[in-house]
Undergrad: 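Quick one: the structure is below, questions incoming.
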Amino acid sequence: MPELPEVETTKRGIEPYLHNQSITKILVRQKSLRIPFNDNLKKHITHVKIKNIKRRAKYIVIDFANEYSMVIHLGMTGNLRASRQKKFLKHDHIIFYLESGNSLIFNDVRRFGLVQIYKTKGSFYLLDNNGPDPFEKKADVDYFYNRIKNSSASIKSILLNHKIISGIGNIYASEILFSTNISPLRMGRDISHTDCKKILQQSKIILNKAIKAGGTTLNDYFNAESKPGYFKIQLNVYGKEGEKCPSCESKISKITQSNRSTYFCKESQN
DNA sequence: CTAAGGACCTGTCGGC
DNA sequence: TGCCGACAGGTCCTTA
């Protein structure tokens, strides 16, 4: 899935298609997602102008010109594409037809993603669980340090904990730690204020690079025009077990932490 | 309370 | 070729 850069890229990709549009019809082919699509509310967002589209953590939020919003999460394998075609692909679960004749299609092989309509004012409960992403002002060094300074969890799993910092996924967690020379095994309580600063700086640099390049590439990621030409940013350690470390002579190791793969260099990261 | 493990679901790949 | 297990970008819920 999409980590933050892919979600941001998707949001930017679909934005022009949604500008000043309204949805004329919603076709639900499969509503069983991580949370079942609440299509009983679809009447509230059809024939209503789309007011705004934004990203919050790894969620894409569309606000309508009434009191409703819709949130989309891409899970591990979700994508959104704009299309004029009438032909559907396997796993095209929800289709939003637009006035323009385009449609916005939510496709998700593993169905870990979700689409939910909700009253803007009440907000959506899962969204509220997310801490700031590294680009938000709230995610400053003091905030981060204070959140982790007593923790006995590993820094790797802390980076994946979106209640603390949102937007960092399994690929970039390894990459960020490599670029700061910090071992993924270190506990939160052993991460200094200076280390926190480095981690936040590198998070922004690495995520930004990925956004600029248009999202990382993974097998299931399509950009909003469904062109397969997604790109690949240069990864230093993720997926590179046994290969030479870019900054020393030893080899990249792969370990499991909290049931997820972590890649790092035992020599250059401490 | 915290941190680790399991679950959700489908597809692909490597080994036997 | 075919079957089976391991693994995959996320994150919520349960267990210890």
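In what follows, every chain begins at residue 1, and chains take the letters A, B, ... in the order their sequences are listed. Just so it is clear, the values below take in all heavy atoms, side chains as well, and ignore hydrogens, waters and symmetry mates. Note that the coordinates shown come from a computational prediction; the quantities given were computed from them, not determined experimentally.
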Undergrad: Applying side-chain hydrogen bond (donor to acceptor under 3.5 Å, both in side chains) to Asp133(A) and His162(A), what does each step give before you reach the verdict?
TA: CA-CA 8 Å; Asp133(A) 72 39; His162(A) 60 253; over 6 Å; no
Undergrad: Of all the nucleotides listed (dA4(B), dG11(B), dT11(C)), which has the minimum atom distance to the side chain of Arg260(A)?
TA: dT11(C)
Undergrad: Considering residues, nucleotides and ligands other than Lys251(A), do more than 12 of their heavy atoms fall under 6.0 Å from its NZ?
TA: no
Undergrad: Using 30° and 60° as the class limits, which term best fits the ring planes of Phe124(A) and Tyr59(A): parallel, tilted or perpendicular?
TA: perpendicular
Undergrad: Need one value for Tyr125(A): base, sugar-phosphate or nothing, where a base atom within 4.0 Å counts as base even if backbone is also close, heavy atoms only.
TA: nothing
Undergrad: Is the shortest side-chain N/O distance from Lys254(A) to OP1 or OP2 of dA8(C) below 4.0 Å?
TA: yes
Undergrad: Would you indicate which nucleotide in dC7(C), dC12(C), dT10(B) comes nearest to any side-chain atom of His162(A)?
TA: dC12(C)
Undergrad: If you write DNA chain B from 5' to 3' in dot-bracket form, with Watson-Crick or G-U pairs under 3.5 Å, [ ] for crossing pairs and | for pairs with another strand, what do you get?
TA: .|||||||.|||||||
Undergrad: Under a 3.5 Å distance rule, please check whether Ser166(A) uses its side chain to pair with a backbone N or O of Gly131(A) as donor and acceptor.
TA: yes
Undergrad: Write down the distance between NZ (Lys163(A)) and P (dG10(C)), rounded to a whole number of angstrom.
TA: 17 Å
Undergrad: Taking the nucleotide of DNA chain C with the closest heavy atom to each, which residue, Asn130(A) or Arg110(A), is nearer the 5' end?
TA: Arg110(A)
Undergrad: Rounding to an integer number of angstrom, what distance separates dG6(B) and dA6(C) when you compare their C1' atoms?
TA: 16 Å
Undergrad: Which whole-number value in Å describes the distance from Leu160(A) CG to dT11(C) P?
TA: 9 Å
Undergrad: Tell me every residue that passes ring-ring contact (aromatic ring centres under 6.0 Å, His included) with Phe37(A), counting only those two or more places apart in sequence or in another chain.
TA: none
Undergrad: Check every atom of dC12(C), dG5(B), dC7(C) against the side chain of Leu126(A) and return the nucleotide holding the closest atom.
TA: dC12(C)
Undergrad: If you measure from the ring centre of Phe112(A) to the centre of the six-membered ring in the base of dC8(B), is it under 5.5 Å, with the planes under 30° apart?
TA: yes
Undergrad: Find the distance Glu241(A):CD to dC7(C):C1' and express it as a whole number of Å.
TA: 13 Å
Undergrad: Determine the interatomic distance between P on dC7(C) and the same-named atom on dG5(B); round to the nearest Å.
TA: 14 Å
Undergrad: Determine the contact category for Asn170(A): base if any of its heavy atoms lies under 4.0 Å from a base atom, sugar-phosphate if only primed atoms, P, OP1 or OP2 are that close, otherwise nothing.
TA: sugar-phosphate
Undergrad: Round to a whole Å and report the spacing from CD of Gln257(A) to P of dA3(B).
TA: 13 Å
Undergrad: Going by heavy atoms in the side chains, are Arg34(A) and Leu126(A) under 4.5 Å from each other?
TA: yes
Undergrad: Could you state the CG-P distance from Asn161(A) to dT2(B), rounded to the nearest angstrom?
TA: 10 Å
Undergrad: Apply salt bridge (Lys or Arg N to Asp or Glu O under 4.0 Å) to the pair Glu8(A) and Lys58(A), showing each step before the final yes or no.
TA: CA-CA 8 Å; Glu8(A) 179 65 25; Lys58(A) 292 178 191 165; over 6 Å; no
Undergrad: Within the 4.5 Å heavy-atom criterion, are Asn130(A) and Lys163(A) side-chain neighbours or not?
TA: no
Undergrad: Could you tell me whether the phosphate oxygens of dA8(C), OP1 or OP2, come under 4.0 Å of any side-chain nitrogen or oxygen in Ser261(A)?
TA: yes
Undergrad: At a heavy-atom distance below 4.0 Å, what parts of residues 151-159 of chain A sit against DNA chain B?
TA: Ser151(A), Ser152(A), Ala153(A), Ser157(A)
Undergrad: Between C1' on dT11(C) and CG on Asp108(A), what's the gap in Å once rounded to a whole number?
TA: 13 Å
Undergrad: Taking everything shown except Lys244(A) itself, do over 12 heavy atoms lie less than 6.0 Å from its NZ?
TA: yes
Undergrad: Please report the distance, rounded to the nearest Å, between CD in Glu3(A) and C1' in dA8(C).
TA: 12 Å
Undergrad: Could you state the CG-P distance from Leu4(A) to dT11(C), rounded to the nearest angstrom?
TA: 10 Å
Undergrad: How long is the straight-line distance from SG of Cys265(A) back to CD of Glu243(A), given to the nearest 0.5 Å?
TA: 12.5 Å
Undergrad: Think His91(A) has a side-chain N or O under 4.0 angstrom from the OP1 or OP2 of dG11(B)?
TA: yes
